[in-house]
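Within every chain, numbering begins at 1; the chains are lettered A, B, ... in the order of the sequence lines, protein sequences first and strands thereafter.
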Protein chains: 2
Amino acid sequence: MSINEKDELLYNMENRDVETPQPRVKRGGVHRPFLFGFATALCLVYLMDLGFEAYKFATLRETVQVASGELQTSWPPPPPYTEVARVARYVVHISDWASLATISTAAPIKGFPFANTASVSDGPVGLSSGTPYFYISNLDFTGKDLLTDARTTVSLSEAQSDYCHTSGFDPEDPRCARILLSGSIVEVKNGTEEATFARTALFSRHPVMKTWPIGHHFFFAKLNISHIYVLDFFGGASDVSVQDYYKATPFP
Amino acid sequence: MSINEKDELLYNMENRDVETPQPRVKRGGVHRPFLFGFATALCLVYLMDLGFEAYKFATLRETVQVASGELQTSWPPPPPYTEVARVARYVVHISDWASLATISTAAPIKGFPFANTASVSDGPVGLSSGTPYFYISNLDFTGKDLLTDARTTVSLSEAQSDYCHTSGFDPEDPRCARILLSGSIVEVKNGTEEATFARTALFSRHPVMKTWPIGHHFFFAKLNISHIYVLDFFGGASDVSVQDYYKATPFP
């Protein structure tokens, strides 16, 4: 190769882009700006998703979900555990169901302590009365038992909401609050103002009750509370006076 | 305008792209292929999201979620309501907590029917024994009551899973199954094979139990089942014999 030939080769190498320009925006058949646009959209979607997750996490800690059939209600978190009467009112108000303890009158287990699931409401959402109302039929175990002995304990556990789960509290952890209301179940007389309240309290939160068969003779009933135990922290249960209970409010 | 001028104008209009070519891929400062790429990515993400939602909806109907503290377990849906013994075994196995009914010995409510929340397990996930095990302390209401009268009813409601909610069943709807196991609570003697099973059953599903204070003298206990009621459909409760219950399996 002569010096001239070398020079020409170098010249050609340095200037090859000028002489035979490459296609500017092609790469493997796809436009480079197209790829940039694609990547930008993916990044934006990813960032939006991150933001949405952060928002969900932030709100998750601020609402307590309770589900009752097709209804789901979001509640504020519970009051501090030191405000025991308020905790009791809170758990009673957010609860959609409770265990009703009775002394069984059913032949095979006559005299046994018994507990049954009952849908409950102390008022429409946000309008807490503190008094648990039920819609009872004497065809049911509980209704039959109460005819013989009206004493009961209404046992309500915060485990029915998602609060204990999202807080990592086992159902038996005392911080997963338990409210134990003892007293007697009494019928709410039809036609009274209280019957109207009980109907609104129950039917607003358990709409299916409106359709329950007339032949089962359901009636509105309430718990006349005589004693209250609350377990909402380590160190054993607290007694709450009925007066303090009714004076307290579930929400600030 | 002379004919020559007109001709020149036409010539210029026809040939303006040749003479002063427009930027090929610009529009409002953004490359058109970039926009195409962006839109394609958004469409793909949207389609992926649709597919994910469809998948979630399909699986939602096929699993039942039960939460116990920090653990959450996915279960297959319940057996048909006609297979009553299997429904009983199913609800007992998926349940993480139950109501334990006792006759109260606490001074202010002595003799009252009482019910308390108790964490329960009849076996580690997928290994159902049918026997409900508990970890009991005699410092607790329930433990104290059982020392005087060991009879109890263990009341379990499907309402603690998300099955009733996603199916639109109110907690008191009989299709939101209730299992009512009556019998006596007996201690499981330490050092036996059954104590090992009870420990695995409870500690696997309630890990916090491992850390419960030694000073509270917790012991493993089980329900000796003497009678079973199941409410899983309209038309009243079914009796299930203890033999049929233990023969049945919760899953196909």
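- Proximity to chain B is limited to the side chain of A:Ile109, based on heavy atoms less than 4.5 angstrom apart.
- In this structure, chain B has heavy atoms under 4.5 Å from both the backbone and the side chain of A:Asn116.
- Taking 4.5 Å as the heavy-atom cut-off, the residues of residues 171-178 of chain A that approach chain B are A:Pro171, A:Glu172, A:Arg178, ordered by number.
- The two atoms that bring B:Pro113 and A:Thr153 nearest to each other are O-OG1, 2.6 Å, heavy atoms only.
- For B:Leu71, the part lying near chain A is the backbone, with the side chain staying farther off; criterion is any non-hydrogen pair under 4.5 Å.
- Interface summary for chain B: among A:Pro207, A:Ser99, A:Ala159, the most heavy-atom pairs under 4.5 angstrom belong to A:Ala159.
- No other option in B:Leu100, B:Leu42, B:Ile103 has as many heavy-atom pairs under 4.5 Å with chain A as B:Ile103.
- Both the backbone and the side chain of B:Phe112 have a heavy atom closer than 4.5 Å to some heavy atom of chain A.
- A donor-acceptor pair under 3.5 Å links the side-chain atoms of B:His165 to the main chain of A:Gly69, judged by distance alone.
- Aromatic ring orientation, B:Tyr229 versus A:Phe141: tilted (interplanar angle from 30° to 60°).
- Across A:Pro108, A:Ala237, A:Cys164, A:Ala98, the residue that shares the most heavy-atom pairs under 4.5 angstrom with chain B is A:Pro108.
- Here CG of A:Asp162 is found 12.5 Å from CD of B:Gln65. Values are rounded to the nearest 0.5 Å.
- The most heavy-atom pairs under 4.5 Å with chain A, out of B:Ala101, B:Ala67, B:Ser182, come from B:Ala101.
- Of the atoms belonging to A:Tyr135, it is backbone heavy atoms, and not side-chain ones, that fall under 4.5 Å from chain B.
- By number of non-hydrogen pairs under 4.5 angstrom with chain A, the leading residue of B:Asp145, B:Leu139, B:Thr152 is B:Thr152.
- Between A:Ala115 and B:Leu180, the shortest heavy-atom contact is O-CD2, 3.2 Å.
- Once rounded to the nearest 0.5 Å, the distance linking CG of A:Leu202 with CG of B:Asp170 reads 10.0 Å.
- Contact of A:Ser104 with chain B is not made at all, since no heavy-atom distance falls under 4.5 Å.
- The part of A:Leu231 that comes within reach of chain B is its side chain, from C-beta onward, which places non-hydrogen atoms under 4.5 angstrom from that chain.
- Other residues, nucleotides and ligands place no more than 12 heavy atoms under 6.0 Å from the OH atom of B:Tyr46.
- Between chain B and the options A:Ala106, A:Pro213, A:Ser157, A:Ala39, heavy-atom pairs under 4.5 Å are most frequent for A:Ser157.
- Here the closest non-hydrogen pair linking A:Phe36 and B:Phe34 is C-CE1, 3.6 Å.
- How far OG1 of A:Thr102 is from CZ of B:Phe114: 14.5 Å, rounded to the nearest 0.5 Å.
- Rounded to the nearest 0.5 angstrom, B:Thr117 OG1 and A:Gln160 CD are separated by 9.5 Å.
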